[in-house]
Amino acid sequence: QSSSIGLMQVMGYVARELGHSRQLLELVEPDVGIEYGCKKLASLMRTHKPMSELISCYNAGSVRLDSKGVFFNQKDYVNPVLSNFKLLSEQT
């Protein structure tokens with residue numbers, strides 16, 4: 001339950017917290033993994049308003065800042081996700 005599974009890399013324990021009671025390997029099925037990934041995002045959206053904070057928290061499990069006040073996963077995760085979001089938003 002402590003590893004990420006599927007397209008949205010949902011942790012097994014997170015899926016359980018969100019009500020998934022079947023085999024955890026079902027999270028590799030796109031419809032199941034996306035369902036629970038979106039449930040997690042929806043729950044985070046209620047408490048984390050800035051998009052960068054939401055993205056960081058989805059990846060790290062909580063908001064974690066370095067000594068300069070920057071998300072510890074800013075460069076390797078948050079910035080690429082924000083760049084791709086912006087790119088996709090411009091295409092619509």
Side-chain angles (χ1 to χ4, degrees):
Q1 292 190 27
S2 63
S3 59
S4 300
I5 305 168
L7 290 172
M8 294 187 70
Q9 292 293 286
V10 177
M11 299 290 287
Y13 73 89
V14 169
R16 293 284 188 234
E17 287 176 350
L18 296 170
H20 184 73
S21 60
R22 299 180 307 270
Q23 293 286 328
L24 288 176
L25 285 178
E26 288 184 19
L27 292 169
V28 300
E29 296 175 19
D31 58 328
V32 177
I34 291 171
E35 174 186 352
Y36 285 92
C38 287
K39 284 181 177 184
K40 181 62 177 176
L41 279 171
S43 72
L44 291 172
M45 289 174 74
R46 290 189 279 278
T47 55
H48 301 283
K49 297 302 177 192
M51 180 74 87
S52 57
E53 185 176 301
L54 170 70
I55 293 167
S56 179
C57 197
Y58 185 84
N59 175 249
S62 63
V63 176
R64 295 179 17 206
L65 303 172
D66 66 15
S67 60
K68 297 177 184 174
V70 175
F71 298 114
F72 90 98
N73 56 353
Q74 185 81 43
K75 180 179 153 212
D76 295 329
Y77 189 79
V78 176
N79 289 346
V81 170
L82 286 173
S83 293
N84 283 312
F85 179 76
K86 181 180 177 188
L87 181 65
L88 290 170
S89 296
E90 291 170 353
Q91 294 177 3
T92 58

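All values below come from the heavy atoms of this structure, side chains included, with hydrogens, waters and symmetry mates left out.
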| field | Joint cluster assignment, Leu82 & Tyr77, ILVMFWY side-chain distance < 4.5 Å | value | yes
| Verify same cluster id: Phe85, Leu44 (apolar side-chain graph, 4.5 Å) | yes
Identify every side-chain donor-acceptor pair in residues 24-39 under 3.5 Å, counting partners at least two apart or on other chains, and give the distances.
from, atom 1, to, atom 2, distance (Å)
Glu26, OE1, Arg22, NE, 2.6
Glu35, OE2, Lys39, NZ, 3.3

Can you list, pair by pair, the side-chain donor-acceptor contacts under 3.5 Å of residues 52-61, counting residues two or more places apart and other chains?
from, atom 1, to, atom 2, distance (Å)
Glu53, OE2, His48, ND1, 2.6
Ser56, OG, Asn73, OD1, 2.8
Tyr58, OH, Met8, O, 2.7
Asn59, OD1, Asn73, ND2, 2.7

| note | In this structure, CG of Leu65 is separated from CZ of Phe72 (nearest 0.5 Å) by 10.0 Å
| request: Quick one: pull up NZ in Lys75 and CG in Asp66 and give me the separation to the nearest 0.5 Å. | output: 12.0 Å
| said: Could you check whether atom NZ of Lys86 has more than 12 heavy atoms from other residues, nucleotides or ligands sitting under 6.0 Å from it? | reply: no
| More than 12 heavy atoms of other residues, nucleotides or ligands under 6.0 Å from CD of Glu90: is that the case? | yes
| query | Which residue pairs pass the side chain to side chain donor-acceptor pair (under 3.5 Å) test with at least one member in residues 4-18, sequence neighbours excluded? | reply |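 Qualifying pairs: none.
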